[in-house]
Amino acid sequence: MNLKVVVLPGDGVGPEVTEQAVHVLREVANIHGHNFQFVEHKIGGAAIAAAGSPWPAETLKACVAADAVLLGAVGSPEFDNLPPESRPEAGLLKLRQALGGFANLRPITTYPELSAASPLRSEIVSGANILFVRELLGGIYFGEPRGFVSQNGSSAAFNTMRYSAQEIDRVARVAFDAAMKRHCKVTSVDKANVLETSQLWRQTVSRVAGDYPSVKLEHLYVDAAAMHIITNPARFDVILTENLFGDILSDEASVICGSLGMLASATIGGDVDLYEPVHGSAPDIAGRGLANPLGAIASAAMLLRYTARMESEADDIDAAIAAVLAAGYRTPDIMGRTGGRTVSTKEMGQLVAEAVAEAADMRYAYHAV
Ligand code: NAD
Ligand code: IPM
Ligand code: MN
């Protein structure tokens, strides 16, 4: 099978982790005789430095013509004082709009070997498995009007949180469809006790639930949800929420699996699917081989699962990640009190690539029996 992937390494640890994700995808292609083509383009701070814009026309052209886009991360302290529309992050938001994916899937997977990497007690994190479905193209991120004004001689700023019923309906269906393949439970998170957008959210999600009688729906306010996620993560199956709440709650939930570096994401529903780890450019550890590439590698597995429909190949990557963790290999962020062996970003990528070959062999051996 042919697959054309545009790779956007971006800034900070982005290039380090995407390099390893591509390495693992190449290994999958070798094993199965697939033809994966990778073309790199610039985005974010790297694009500002090279082309004067966080979202160059060339990058847009390549992305809309791709089968899928794999992104590292954007953002750099160097550009933190630029206005919102010129910052590296604006490149990512433009990319998301251009590709059109409105449902951002962020799985929280726990590995027993990493329970001691979480500051939470192991009996709390044990067995937790949550899928966040974060609305990605609406809400306060994109609502108009927005801006800075001067008010009574002082400066003021404003943003608009806005949702249409149609935007809520389409992402809610993604969450209910996902729940049907999992444990048939959706928790919808909002702030309907204060916000109009959340009242519309709750009404619309409740209406969509009528089409999914086998799925149990509960509603939580976002403040209480933040507490439940950290005190009893195992009570959740699918969490459906709007853009800003999903951004915040998914970083919080990363604590359950030991590190933000573990989290992967897929953005679906548009013209071209987008895959990116949940973490940012991590300037505090960039360029030193300290970054955990497993979130990026797991995003590559999602790419094979959702865009290429290569279930077995995706399973092999997930099995390889589990095997490498079970064998005790750790980047520093997931070492905690797990007592494993520290490896660099590159070593971790190489270990997963080798384990992918073993996972594929085991699968063939199993089928041959
Ligand atoms: P961050 O996610 O970059 O880092 C938060 C913390 O997690 C840091 O301590 C970092 O070292 C650690 N961390 C992140 N990824 C890691 C990995 N793969 N392995 C090990 N540790 C990891 O968030 P931040 O520091 O708030 O933001 C830094 C920059 O990244 C900002 O410019 C921000 O806008 C940007 N950002 C980009 C994205 C994205 O591109 N999708 C996401 C979040 C933040
Ligand atoms: C994420 C990031 C982005 C977001 C930023 C960098 C625009 O935090 O993907 O979680 O807020 O969506
Ligand atoms: Mn975020």
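Order of appearance sets the numbers: ligands from 1, and atoms from 1 within every ligand.
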Undergrad: Which residues and atoms, protein N, O or S only, are under 2.8 Å from the Mn ion (ligand 3)?
TA: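 Under 2.8 Å from the Mn ion (ligand 3) - ignoring waters, which are not counted - the protein N, O or S atoms are Asp247 OD1.
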Undergrad: If we only consider heavy atoms of Val278, is any one of them less than 4.0 Å away from an atom in ligand 1?
TA: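 It does, in that a heavy atom of Val278 comes within the 4.0 Å cut-off of ligand 1.
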Undergrad: Tell me which one of Arg87, Arg134, Arg96 gets a heavy atom nearest to atom 9 (O) of ligand 2.
TA: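 It is Arg96 whose heavy atom sits nearest to atom 9 (O) of ligand 2.
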Undergrad: Under 4.0 Å and counting heavy atoms only, is there anything from the protein next to atom 36 (N) of ligand 1?
TA: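 Yes, because at least one protein heavy atom sits under 4.0 Å from atom 36 (N) of ligand 1.
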Undergrad: Tell me whether Asp247 has any N or O atom under 3.5 angstrom from an N or O of ligand 2.
TA: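 Asp247 vs ligand 2: N/O contact under 3.5 Å present.
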Undergrad: Provide the number and element of each atom of ligand 2 under 4.0 Å from a heavy atom of Glu89.
TA: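 So the atoms of ligand 2 that pass are 6 (C).
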Undergrad: Quick check on contacts: which atoms of ligand 1 are under 4.0 angstrom from a heavy atom of Gly261?
TA: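 The atoms of ligand 1 under 4.0 Å from a heavy atom of Gly261 are 17 (C), 18 (N).
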Undergrad: Just to be sure I read this right, does ligand 1 sit under 4.0 Å from the backbone of Val74, its side chain, both, or neither, counting only heavy atoms?
TA: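 Val74 to ligand 1: contacts from backbone and side chain alike.
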Undergrad: I'd like to check which ligand 1 atoms, numbered from 1 as shown, lie under 4.0 Å from a non-hydrogen atom of Pro283.
TA: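 Those of ligand 1 that fall under 4.0 Å from Pro283 are 28 (C).
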Undergrad: Quick check on contacts: which atoms of ligand 2 are under 4.0 angstrom from a heavy atom of Arg106?
TA: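 By the 4.0 Å cutoff, the relevant atoms are 1 (C), 9 (O), 10 (O).
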Undergrad: Following the transitive rule for hydrophobic clusters with a side-chain heavy-atom cut-off under 4.5 Å over Ile, Leu, Val, Met, Phe, Trp and Tyr, establish whether Leu70 and Val272 coincide in one cluster.
TA: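 Leu70 does not cluster with Val272.
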Undergrad: Under the 4.0 Å line, does any protein heavy atom show up next to atom 30 (O) of ligand 1?
TA: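 Under 4.0 Å from atom 30 (O) of ligand 1, at least one protein heavy atom found.
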Undergrad: Of all the atoms in ligand 1, which lie at a distance below 4.0 Å from a heavy atom belonging to Gly75?
TA: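 Those atoms are 32 (O).
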Undergrad: Would you check whether Ser76 reaches within less than 4.0 Å of ligand 1, judged by its heavy atoms?
TA: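 Contact present.
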Undergrad: Got a sec, which residues hit salt bridge (charged side-chain N to carboxylate O under 4.0 Å, His left out) with Arg363, two or more places apart in sequence or on another chain?
TA: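 Once residues adjacent in sequence are excluded, the partners of Arg363 under the salt bridge (charged side-chain N to carboxylate O under 4.0 Å, His left out) criterion are Asp316.
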